[in-house]
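First the structure, in the form of C-alpha cells, and then the observations on it.
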Amino acid sequence: MTRVLELSPSFLISHPQNPRPRLTEAEVAELRASIEAHGQVQPCVVRKVGENGSTKYEILIGHRRAFVGKLLGREVPCLVEDLDDDEALALMLSDNRVRTDPDPFLESKAVDALLKKEGHTLRSVAVLLGKSPKWVAVR
C-alpha cells in the first residue's frame with residue numbers, strides 16, 4: 001500500500017546503487033530556487049528500511065529533491081512504497097533511464113509565451129521558473 005508522508009531529511013538515506021551518488025549545492029541550484037518558489041510539487045519515492053529499531057527511508061526516486069530538502073531544512077513529501085530489494089533497484093534504474101530533456105523548441109515557445117504576457121519581464125520570468133535571466137534570454 002502506497003502512503004504519502006512528509007519526512008524529515010534526517011530519516012532519508014540514498015540508495016547504495018544510486019547512479020548519481022554525489023550531489024553539490026551548485027548542481028541543484030536551479031532546483032533549489034524552484035522548490036523555494038513553488039514548493040516540492042513532485043514527491044520522492046522511498047521505501048522503509050532499517051535494522052535494530054532504526055527506521056530510515058531509502059530514496060529510490062528524487063535524490064536531488066531530497067538533497068534540496070536537506071539544504072533547506074524542510075520536510076520532504078514522499079510516496080512510501082513496499083518494495084523488495086530487486087523491485088526497488090528496478091524502479092530506481094528505470095526512472096533514470098526514461099528521463100529525457102524537454103524539446104528545446106517547445107521549451108523556448110513556452111518561455112516566449114510567458115515573456116509576452118503583460119507584466120512579465122526577463123527577470124520576473126527567471127524568478128518564476130527558478131532559472132537565471134541568461135537562461136531565459138537564451139530561450
Side-chain angles (χ1 to χ4, degrees):
M1 176 171 85
T2 302
R3 297 172 295 164
V4 179
L5 297 176
E6 295 279 333
L7 296 172
S8 166
S10 64
F11 290 111
L12 299 174
I13 59 172
S14 188
H15 188 283
Q17 276 83 41
N18 175 18
R20 295 183 185 100
R22 290 186 181 86
L23 293 170
T24 66
E25 289 189 43
E27 290 173 314
V28 298
E30 288 182 359
L31 178 60
R32 180 180 181 159
S34 175
I35 289 174
E36 286 178 318
H38 307 290
Q40 183 178 323
V41 297
Q42 185 177 9
C44 298
V45 178
V46 301
R47 70 176 182 149
K48 193 174 182 178
V49 295
E51 297 175 2
N52 303 327
S54 170
T55 300
K56 295 287 183 178
Y57 293 86
E58 188 175 68
I59 306 160
L60 305 173
I61 299 173
H63 288 86
R64 295 173 71 241
R65 284 171 267 154
F67 184 73
V68 169
K70 289 177 185 180
L71 292 175
L72 297 175
R74 290 184 181 178
E75 289 195 337
V76 178
C78 296
L79 295 175
V80 181
E81 297 285 352
D82 185 22
L83 302 170
D84 66 27
D85 291 346
D86 291 345
E87 293 168 327
L89 185 57
L91 176 64
M92 184 180 64
L93 292 174
S94 67
D95 181 68
N96 279 298
R97 259 196 337 258
V98 299
R99 184 176 295 131
T100 59
D101 291 331
D103 178 287
F105 178 72
L106 296 176
E107 183 179 60
S108 293
K109 281 181 66 173
V111 170
D112 186 54
L114 279 173
L115 285 168
K116 288 180 178 174
K117 288 197 174 216
E118 188 174 333
H120 275 301
T121 64
L122 191 72
R123 180 161 294 291
S124 71
V125 170
V127 169
L128 183 66
L129 297 177
K131 301 288 188 179
S132 70
K134 180 180 177 181
W135 184 93
V136 173
V138 167
R139 270 132 193 102

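Annotation: K48, atom NZ; neighbour count of heavy atoms from other residues, nucleotides and ligands within 6.0 Å does not exceed 12.
In this structure, the side chain of R65 engages the main chain of P43 through a donor-acceptor pair within 3.5 Å. Using a distance-only test at 3.5 Å, with no hydrogens or angles considered, no donor-acceptor pair links the side chain of R123 to the main chain of P133. T24 places a side-chain N or O within donor-acceptor distance of the main-chain N or O of E27, the cut-off being under 3.5 Å. Using modelled atom types, one side-chain atom of H63 and one backbone atom of I59 make a donor-acceptor pair closer than 3.5 Å.
Closest of all the heavy-atom pairs between S124 and G119 is OG-O, 4.2 Å. For the pair L122 and A137, the tightest heavy-atom approach, listed with the atom from each and the gap, is CD1-N, 3.7 Å. The two residues P16 and E58 make their nearest non-hydrogen contact at CD-OE2, 3.3 Å. When all heavy atoms of C44 and G62 are compared, the pair lying nearest together is SG-O, 3.3 Å.
Note that CD1 of I61 is 11.5 Å distant from CG of N18, once rounded to the nearest 0.5 Å. Residue L23 holds its CG atom at 8.0 Å from OG of S14, rounded to the nearest 0.5 Å. The line from SG of C78 to CZ of R3 is 11.0 Å long, rounded to the nearest 0.5 Å. In this structure, CG on L91 lies 9.5 Å from NE2 on H15, to the nearest 0.5 angstrom. Taken from CE in M92 to CG in L83, the straight-line distance is 11.5 Å, to the nearest 0.5 Å.
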Walk me through whether V46 and F11 qualify under side chain to side chain contact (heavy atoms under 4.5 Å, CB included).
CA-CA 11 Å; V46 301; F11 290 111; over 6 Å; no
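Residue pairs meeting the salt bridge (Lys or Arg N to Asp or Glu O under 4.0 Å) criterion with at least one partner in residues 33-46, sequence neighbours excluded, are R32-E36.
Taking a cutoff of 4.0 Å between a charged side-chain nitrogen and a carboxylate oxygen, D112 and K117 do not qualify as a salt bridge. The existence of a salt bridge linking E81 and R47 is excluded, since no basic side-chain nitrogen approaches an acidic carboxylate oxygen closer than 4.0 Å.
Under a hydrophobic-cluster definition in which Ile, Leu, Val, Met, Phe, Trp and Tyr are linked whenever side-chain heavy atoms come within less than 4.5 Å, directly or via other members, I13 and L7 are assigned to different clusters. No single ILVMFWY cluster, assembled from side-chain heavy atoms under 4.5 Å apart, contains both V111 and V138. Under the 4.5 Å side-chain heavy-atom criterion for ILVMFWY residues, no single connected hydrophobic cluster contains both V41 and L114.
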Give the table of side-chain donor-acceptor pairs shorter than 3.5 Å for residues 67-77, with sequence neighbours excluded, one pair per line with atom names and distance.
residue : atom : partner : partner atom : Å
K70     : NZ   : L12     : O            : 3.3
R74     : NH1  : I35     : O            : 3.3

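A donor-acceptor pair shorter than 3.5 Å cannot be found between the side chains of S34 and H38.
Residues V80 and Y57 form a side-chain contact, since some pair of their non-hydrogen atoms from C-beta on lies under 4.5 Å apart. With contacts defined as side-chain heavy-atom distances shorter than 4.5 Å, the pair H120/L115 does not qualify.
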